Engineer: 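Attaching a single structure in structure tokens format; questions to follow.
All values reported here derive from a predicted model rather than from experimental measurement. Below, chain A is the first sequence line, B the second, and so on; all start at residue 1.
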Amino acid sequence: MIETHNLTFSYDSQKRFAFPNLRCADDDTLLILGQSGRGKTTLLHLLALLLTPESGNILVNGTDLSQLTGADTVGFRAKNIGIVYQRPHFVHALNVLDNLLLANYLARLKPDRTRARQLAERLGFADYLTKKTTRLSLGEQQRVGIARALMNRARVLLADEPTSNLDDENCDRVMDLLAQQAHEVEASLVIVTHDQRLKNRVAQQISL
Amino acid sequence: MALGVTIISLLLILNKQLSEQFTKNVRGVDLVIGAKGSPLQLILSSIYQIDAPTGNISLAEATRLTRNPLIKDAIPLALGDNFKGYRIVGTNAKYLTHYGAKVGQGRVFSQALDAVVGAKVARLTGLKPGDQFAGSHGLDAGGDEHGDKKYRVVGILENSNSVADQLILTPVESVWAIHGEEGGAATTPRVSMPMMIAPEEPDKNSGPETGPTDDPGQEITALLVKVRSPLAKLTLPRAINENSKLQAASPAIEINRLFTLLGFGIDTLQYIALAIIIISGISVFVSLYNSLKERRYEMALMLSMGATRAKLFLLLLLEGLMISLIGFAAGILLSRLGLGILGRNVEDNFHYDLNALTLLPEEGWLLVGTVLIGLLAAALPSLGIYRINISQTLADE
């Protein structure tokens, strides 16, 4: 469950964003559509606590994030928010499994190998766990990225253009996976995209 | 980084080993008396057995000199022959006691042509008590053999870690006997061909066993002298050098001189090696800086996943630490390897052993220095972690 009130943000005096209020309940999906330059990524980073809003507030599961201190923010994000990036990036020195466990480690949780294996099996890359991430195809990398976002059973899943680099078939698969996995942990799924293909899949939509 | 460590560590060991070997062999010898010439050469040839002797001195004159009350003890040396490159040294039993060499097998020489073989010589040539061998002329293998008179091995020395290990010791009488057959050393043309007899106890000037001393043609190469008082170390050489045809040289002074000369070279090399270490520190700096640039995204990613900046900073610092530790280990390994090769070379040429598998205390400091440079080189670029804008870095990609 995530909701925002009167969020604004500015990089400088020229570029100022005011975002509409949004609300996404547990086990629900929200699609944020917008063309480039409308602040999609900015909004996502605000939701992910990577940027601090100029004004307004964000509530995740009833916690007002503007009340958190810097160190608390880092911990809160690590435990409650899973981010799927447009292009999945990994720590290259580590193999797939360790990249997944890294999410646990950095959130100061116990490394959950069982969960990593389960996710890998469900997302179909169980055979690649000991491989280096650079050896995987883009689609496989995307799935590992999703698995990583799910490692800590986040309450909110944020996806930044998860499908823009994918063909129609993979686009459908990734969307299915995201929806399915979010449903499994009853997380709120917020997708930011300009990909018009997703329009028909998600009921709840906001345009920037 | 490894290279700099190698050079410095190699220099440290060499310096230490050389000075150790040199001081060990010099102990107890206050003066060396020999023919006029280079004092350093006299010291090198008669104490360390690594240079050609300066020439011969008349035994009579040497004997007269040793009557000087300032001289406590004198050991005669007669050089000039070798067996397979190992020097045959005519001397007396005091030489053995002086170097603390103990006879391991057999006994000490008692008559002419008896030979006691140093531990290393025995090991490398396979000489055993009872064996006979012929010495050959000169100090290097391959000279004319004295085939008609053979030495008989009567004893093998235990390892004493001194110059005695690489020598074949025999009474001076043997050298005299061998060269007497050939017409006496006085007629031998080469400078390094002394030979003859020295008195068993030159300072006592007695005993019929020193009979041959009267022969005017008899010569020895040098006398190793102990004096009675420290003052004599200063006065005696002056007296000898000014008033006789002989030369007296002080090992301490000559070796100091040698090390001052060598030390200059060693210092210069050490500066060069230090420069190499610093340069490698800079290259670590540059490569870490570049890799941090490449890994900005990785770092931002880890930050977004909950890593603290301090943690990542430590991570990169650890990387620098590991690079410098690996560099240090590789350097030490290389230097030991180099020393092994160098040691073999030196052994072939001078019969000197170089070995040190232990870490020198100075190398501890070298480790500290290397690690500091590595950490510093890692810390500077790693501070960039604190400047990463997570949002911007993630959005850029």
Engineer: Which distance, rounded to the nearest 0.5 Å, do you find between the CG of B:Leu301 and the CG of A:Leu106?
Structural biologist: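 Rounded to the nearest 0.5 Å, the CG-CG separation comes out at 9.0 Å.
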Engineer: Which atoms of A:Phe76 are under 4.5 Å from chain B, going by heavy atoms: the side chain, the backbone, both sets, or neither?
Structural biologist: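 For A:Phe76, there is no contact with chain B at all, as no heavy atom is under 4.5 Å.
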Engineer: Can you see which heavy atom on B:Gly306 is nearest to which on A:Arg77, and at what distance?
Structural biologist: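 Reported closest heavy-atom pair: N-NH1, 4.5 Å.
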Engineer: Of all the heavy-atom pairs spanning B:Ala307 and A:Val74, show the shortest one and how long it is.
Structural biologist: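 Residues B:Ala307 and A:Val74, closest heavy atoms: O-CG1, 4.2 Å.
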Engineer: In terms of heavy-atom proximity below 4.5 Å to chain B, should A:Leu44 be classed as side chain, backbone, both, or neither?
Structural biologist: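 For A:Leu44, neither part sits under 4.5 Å from chain B.
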Engineer: Can you tell me if A:Phe17 has over 12 outside heavy atoms packed within less than 6.0 Å of its CZ?
Structural biologist: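 Result for CZ/A:Phe17: enclosed.
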Engineer: Can you tell me how far apart CE (B:Met305) and CG (A:Asn152) are? Round to the nearest 0.5 Å.
Structural biologist: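 The distance works out to 8.0 Å.
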Engineer: Verify the neighbour count for atom CZ of A:Arg173: are there more than 12 heavy atoms of other residues, nucleotides or ligands below 6.0 Å?
Structural biologist: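 Atom CZ in A:Arg173 is not crowded, with 12 or fewer foreign heavy atoms closer than 6.0 Å.
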Engineer: I'd like to know whether CZ of A:Arg197 has more than 12 heavy-atom contacts from other residues, nucleotides or ligands below 6.0 angstrom.
Structural biologist: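 Check passes, neighbour count above 12.
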Engineer: Check whether B:Met302 gets within reach of chain A through its side chain, its backbone, both or neither, counting any heavy atom under 4.5 Å.
Structural biologist: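 When you check distances to chain A, atoms from both the backbone and side chain of B:Met302 fall under 4.5 Å.
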Engineer: Taking salt bridge (charged side-chain N to carboxylate O under 4.0 Å, His left out) as the definition, give me every residue that meets it alongside B:Glu158, ordered by chain and number, with sequence neighbours left out.
Structural biologist: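 Here no residue qualifies.
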Engineer: Return yes when atom NE2 of A:His5 has more than 12 non-hydrogen atoms of other residues, nucleotides or ligands closer than 6.0 Å, and no otherwise.
Structural biologist: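 Atom NE2 in A:His5 is crowded, with more than 12 foreign heavy atoms closer than 6.0 Å.
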Engineer: Report the relative orientation of the aromatic rings in A:His89 and B:Tyr297; use parallel for angles under 30°, tilted for 30 to 60°, perpendicular for over 60°.
Structural biologist: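 Ring orientation of A:His89 relative to B:Tyr297: tilted.
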Engineer: Counting heavy atoms not belonging to A:Tyr128, are there more than 12 under 6.0 Å from its OH?
Structural biologist: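 No, because the 6.0 Å sphere around OH of A:Tyr128 holds 12 heavy atoms or fewer from other groups.
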